[in-house]
Student: 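Below are the structure tokens for one structure; questions will follow.
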Amino acid sequence: MRLHRGLPAAASGLLLALPLALAGCTTSGDDAEAPAAASATPTEAEVAAVEWTDCDDQIQPLIAGQPGSERPLSFECGRTEVPISYDDPGGDTLPLFLVRASSGAQTDPIGSLVVNPGGPGGSGADAAIGLALTLPEDVLDRFAVVGFDPRGVGLSTPVECIPAELKDRAVAAEPRPTTDEQLDAVFAMADDVAEGCAEEYGDALGTFNTVDTARDMEQLRQALGEERLTFLGYSYGTTLGSTYAELFPDRVRAMVLDAAVDPDADAIADAEATAAGLEAGFDAFAANCTGLIAGCPLGDDPRRFVEELLAQADATPIPSSEPEESRQATPGIVLTAIQAGLYDTASWPQLAQGLAAARDGDARALFSLADQYTGRLEDGTYTNLFDANLAINCADTEQTVEESRVRQLAPEWGERFPLFGAGSAAGLYTCSVWEAERTPLPERDAEGSAPIVVVGNAGDPVTPLAGAVDLAEDLDSGVLLTWEGQGHTAYPKTECVTAAVNAYLIDLVAPVDGLTCPA
């Protein structure tokens, strides 16, 4: 399973425990149940108001001591209802959970900046809080930041059908399956997950898809009283934003799509590009490490170091010094931690030190990275990131990849992309056995939309730059902004990109198409 996690570590998962802290802000426990079947009488959808409550008391303790927490921020939690099915807009509804962050220094407000952090499965409520701490104050002075948990995510009727024990096994499993026996185990696990989720949700499983989430976002725009939408989306959030723009092009005020998922790549091409991007990302991490004046903890050949560590973990899984931690790091844990650490250059020192410590017998730092990435909480439970990621990704495509094709690709990609190729190939099987109605993503040119700024990163290990180029070309009003930096996502990491995006969000002055910002 690939997670297109969007926000850098400082702004996402702030925290993974946030849904627990905010649980008292929701209404009944029925929110977690599978949505009921929609009624049969077609009527027009009514826009439900957002019911806002002050939730400073829940959120302020979570952000205390974080960079940006000194800002004069206030937080509201909200709830609204949207149709389960837009084929029956007057039928049954499901709840959406929101967080709105506002600055006490705001002057001359423009409106709401709606955000999505990626995934799919990332919490928009988390994102609103994290971005309130990290966005430029010029933007916070003009916008309230609004994040909503998309349908099936977080506190918005979360999809929950994969047991924690099975998630633990999936993360710890062989990360580079190439033999028939290894691939058989991958296929069996995917079959178990698909059967369990289909049994849990039945026909409702297809409810959790991007097209309907984009329609939810239009309902939300109206409920917020915005004439047109201002949106900031990262990674998978670029898929959601561009889908909204395709469905409602005349309702876009400004849209920033950072770290674009390629709209033109099919499942195989996308998985191959991700494997290549992660491999290049590791090489960039390794080059940075060996260039350190103080020396690289992994020696002069980090790739060889990692191969030896994977062999060590395979022979004898590595324990952790974390008190009461009973897990031991298998190659799956090691490679998951590496993938997590490649997302943001700020994590590179932790990754290097964690790999070195694991070689010496302590996998504590690697578990920390892996758990942040997968949504595993301290008590051994998980957020529903895994479940939602799988449900939404699979609902969004009708493409299937047969076992025989995966068996062919896994060893081929394992040769070409030694760390990440085989695992990317094996993941192609997952949606082939997913038992749910599909709602494929539309082609996206968003004819008639205001300018849409697409931000790409030359060194993005997760959504390579080619995806941003393709999306900007596909969109009739697409404007490409490129950063020659490393890591996943670009705004607001560098002054050039930040200045261009700020001017666009605030004053609607789009950058020159093709502008490139230096690393």
Student: Okay, side chain of Gln328, backbone of Ser320: is any donor-acceptor separation there less than 3.5 Å?
Tutor: no
Student: Looking only at non-hydrogen atoms, find the nearest pair between Asp258 and Ala490 and report the distance.
Tutor: OD2-N, 3.0 Å
Student: Under a 4.0 Å threshold between the charged nitrogen and the carboxylate oxygen, would Arg79 count as salt-bridged to Glu81?
Tutor: yes
Student: Around atom CD of Glu412, are there more than 12 heavy atoms from other residues, nucleotides or ligands closer than 6.0 Å?
Tutor: yes
Student: Step through the shown structure and confirm whether more than 12 heavy atoms of other residues, nucleotides or ligands are within 6.0 Å of CG on Asp266.
Tutor: yes
Student: Is a donor from one side chain sitting under 3.5 angstrom from an acceptor on the other, for Ser347 and Asp344?
Tutor: no
Student: Considering non-hydrogen atoms only, spot the tightest contact between Pro158 and Tyr201 and give its length.
Tutor: O-OH, 3.3 Å
Student: We want to know whether Asp396 and Thr210 form a side-chain donor-acceptor pair, criterion being a heavy-atom distance below 3.5 angstrom.
Tutor: yes
Student: Taking atom OG1 of Thr430 and atom CE of Met189, what is their separation to the nearest 0.5 Å?
Tutor: 10.5 Å
Student: From Arg251 CZ over to Ser449 OG, what is the distance, rounded to the nearest 0.5 angstrom?
Tutor: 12.5 Å
Student: For a 4.5 angstrom cut-off between non-hydrogen side-chain atoms, does Thr243 reach Leu441?
Tutor: yes
Student: Does the Arg100 side chain pair with the main chain of Leu98, one donor and one acceptor, at a distance under 3.5 Å?
Tutor: no
Student: Can you tell if the side chain of Gln339 reaches within under 4.5 Å of the side chain of Phe420, non-hydrogen atoms only?
Tutor: yes
Student: Give a yes or no on whether a salt bridge exists between Asp250 and Arg228, defined as a side-chain N under 4.0 angstrom from a carboxylate O.
Tutor: no
Student: Taking Arg151's backbone N and O only, do any of them form a donor-acceptor pair with Thr157's side chain (distance below 3.5 Å, no angle check)?
Tutor: no
Student: In Å and rounded to the nearest 0.5 Å, what is the CG to CZ distance from Leu278 to Phe417?
Tutor: 10.5 Å
Student: I'd like to know whether the aromatic ring centres of Tyr373 and Tyr343 sit less than 6.0 Å apart in this structure.
Tutor: yes
Student: Looking at every heavy atom in both Leu366 and Ala337, which two are closest together, and how far apart are they?
Tutor: O-CB, 3.4 Å
Student: Looking at Asp445, is its backbone amide N or carbonyl O close enough to the side chain of Glu246 to form a donor-acceptor pair, meaning the two atoms are under 3.5 Å apart?
Tutor: yes
Student: Look at Arg416 together with Glu272 and state whether they make a salt bridge at an N to O cut-off of under 4.0 Å.
Tutor: yes
Student: Taking side chain to side chain donor-acceptor pair (under 3.5 Å) as the definition, give me every residue that meets it alongside Glu443, ordered by chain and number, with sequence neighbours left out.
Tutor: none
Student: For a quick check under 3.5 Å, do Tyr382 and Asp168 share a side-chain donor-acceptor pair by atom type?
Tutor: yes
Student: So, the side chain of Asn457 versus the backbone of Gly487: is there a donor-acceptor pair under 3.5 Å, distance only?
Tutor: yes
Student: Using atom types as modelled and distance alone, determine if a side-chain donor or acceptor of Tyr234 lies under 3.5 Å from a backbone N or O of Tyr491.
Tutor: yes
Student: Ignoring hydrogens and angles, state whether a donor on the side chain of Tyr429 or Asp191 is under 3.5 Å from an acceptor on the partner side chain.
Tutor: yes
Student: Testing the 3.5 Å rule here: is there a donor-acceptor pair between the side chains of Asn209 and Asp212?
Tutor: yes
Student: One thing to verify: whether Glu403 and Arg407 come together as a salt bridge, which I'm taking to mean a side-chain N less than 4.0 angstrom from a carboxylate O.
Tutor: yes
Student: Indicate yes or no: does Arg405 engage Glu402 in a salt bridge with an N to O separation below 4.0 Å.
Tutor: no
Student: Tell me which pairs pass salt bridge (charged side-chain N to carboxylate O under 4.0 Å, His left out) where either residue lies in residues 326-343, with sequence neighbours left out.
Tutor: Glu325-Arg327, Arg327-Asp371
Student: Distance only, no hydrogens: is a donor on one side chain within 3.5 Å (strictly under) of an acceptor on the other, for Ser112 and Glu226?
Tutor: yes
Student: Take a 6.0 Å sphere around CD of Gln408 and say whether it holds more than 12 heavy atoms from other residues, nucleotides or ligands.
Tutor: yes
